[in-house]
Amino acid sequence: AQSVTQLGSHVSVSEGALVLLRCNYSSSVPPYLFWYVQYPNQGLQLLLKYTSAATLVKGINGFEAEFKKSETSFHLTKPSAHMSDAAEYFCAVRPNGGLSFGAGTTVTVRA
Amino acid sequence: NAGVTQTPKFRILKIGQSMTLQCTQDMNHNYMYWYRQDPGMGLKLIYYSVGAGITDKGEVPNGYNVSRSTTEDFPLRLELAAPSQTSVYFCASSPLHGNTEAFFGQGTRLTVV
């Protein structure tokens, strides 16, 4: 079964610093991969998705992710963190049925 | 532009009570899903539906039931509420499988006491 693992349940960064959130997938075939963001007391919003068209995927709010088949990874990055990036981030894969989510990574941004 | 709408937003239930969480979408999506979110656990799939009249179990279906009589609506039923069902519930929909993302409602926060 396809699944994803997010490394690190909490990440703290300074404003202006690099944000790096790690996601590894397990799949026997190239999967469809997604990153979602959840702000407090809200639903999930799509940041970006990998659909095999390009290995470097750009999303909203300055985020991007790179699909690396050799490492079975789909890490999310943003060059310069903003206070508004404080949220919970979920990596997800699309097997049969619904999306399968990682446990999530909470990002806090220090002024 | 409503998207996916869930009601209620908050609910407190007593053990053994029943309730229905409502979910409706106005995007004419074939696929609909129910997830529960618990701290540190991500989102777990409860049930999903690939179209009107068709439903299937997800990862954690015990204690829940669903129906899909129309494309728009996908209610989730709790028959005998238990404290373990205290959670935040999200409904989502998507047009197809594969590379299409799911669109989420704002969630229902349920507490069973």
Side-chain angles (χ1 to χ4, degrees), chain A residues 1-11 21 23-25 27 29-55 57 59-60 63 65 67 74 87-106, chain B residues 2-7 9-10 21 23 25 27 29-51 54-61 66 68 74 76 87-109:
Chain A
Q2 295 182 359
S3 66
V4 290
T5 302
Q6 291 184 241
L7 302 176
S9 59
H10 290 88
V11 168
L21 305 182
C23 174
N24 288 90
Y25 67 90
S27 174
V29 297
Y32 298 119
L33 291 160
F34 306 81
W35 274 101
Y36 280 83
V37 60
Q38 184 181 32
Y39 299 104
N41 300 315
Q42 293 191 24
L44 277 72
Q45 178 182 357
L46 181 72
L47 273 177
L48 50 82
K49 63 181 180 182
Y50 169 73
T51 61
S52 75
T55 57
V57 182
I60 62 171
F63 284 92
F67 176 75
F74 190 56
E88 189 162 19
Y89 293 79
F90 294 94
C91 183
V93 66
R94 188 90 185 253
N96 294 327
L99 289 164
S100 177
F101 286 87
T105 299
T106 300
Chain B
V4 179
T5 303
Q6 292 182 236
T7 57
K9 286 185 170 49
F10 303 94
L21 282 67
C23 176
Q25 52 96 3
M27 297 173 282
H29 287 170
N30 289 331
Y31 292 83
M32 295 189 74
Y33 317 89
W34 274 105
Y35 290 89
R36 59 177 288 171
Q37 182 181 24
D38 300 296
M41 302 296 288
L43 282 81
K44 302 295 185 184
L45 183 64
I46 304 171
Y47 271 95
Y48 67 100
S49 169
V50 301
I54 306 170
T55 62
D56 209 345
K57 295 178 179 179
E59 196 177 354
V60 290
V66 294
R68 184 94 182 270
F74 191 42
L76 178 71
S87 189
V88 181
Y89 292 84
F90 287 99
C91 180
S93 72
S94 67
L96 292 169
H97 257 325
N99 67 350
T100 54
E101 66 269 27
F103 295 81
F104 283 80
Q106 293 297 297
T108 296
R109 185 174 295 274

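Labels below follow one simple rule: chain letters A, B, ... track the order of the sequence lines, proteins then strands, and each chain is numbered from 1.
- Evaluation of the side chain to side chain contact (heavy atoms under 4.5 Å, CB included) rule for Thr55(B) yields Ser49(B), Val66(B), Arg68(B), Phe74(B) as partners, not counting sequence neighbours.
- The distance from the OH atom of Tyr31(B) to the CG atom of Leu99(A) is 12.5 Å, given to the nearest 0.5 Å.
- Note: Lys49(A) NZ to Thr100(B) OG1 = 6.5 Å, rounded to the nearest 0.5 Å.
- Contacts between Gln37(B) and chain A at a heavy-atom distance below 4.5 Å involve the side chain alone, from C-beta outward.
- Contact record, Glu101(B) with Phe34(A): CA-CE2, 3.7 Å, taken as the closest heavy-atom pair.
- Residues passing the side chain to side chain contact (heavy atoms under 4.5 Å, CB included) test with Val37(A), sequence neighbours excluded: Tyr39(A), Gln45(A), Leu47(A), Ala87(A), Tyr89(A).
- Heavy atoms of Gln6(A) lying under 4.5 Å from chain B are absent altogether.
- Nearest heavy-atom pair across Gly43(A) and Gln106(B) is N-OE1, 3.7 Å.
- For Leu44(A), the parts lying near chain B are the backbone and the side chain together; criterion is any non-hydrogen pair under 4.5 Å.
- The shortest non-hydrogen separation linking Gly40(B) to Ala103(A) is O-CB, 3.6 Å.
- The OH atom of Tyr36(A) sits 5.0 Å away from atom CZ of Phe104(B), with the distance rounded to the nearest 0.5 Å.
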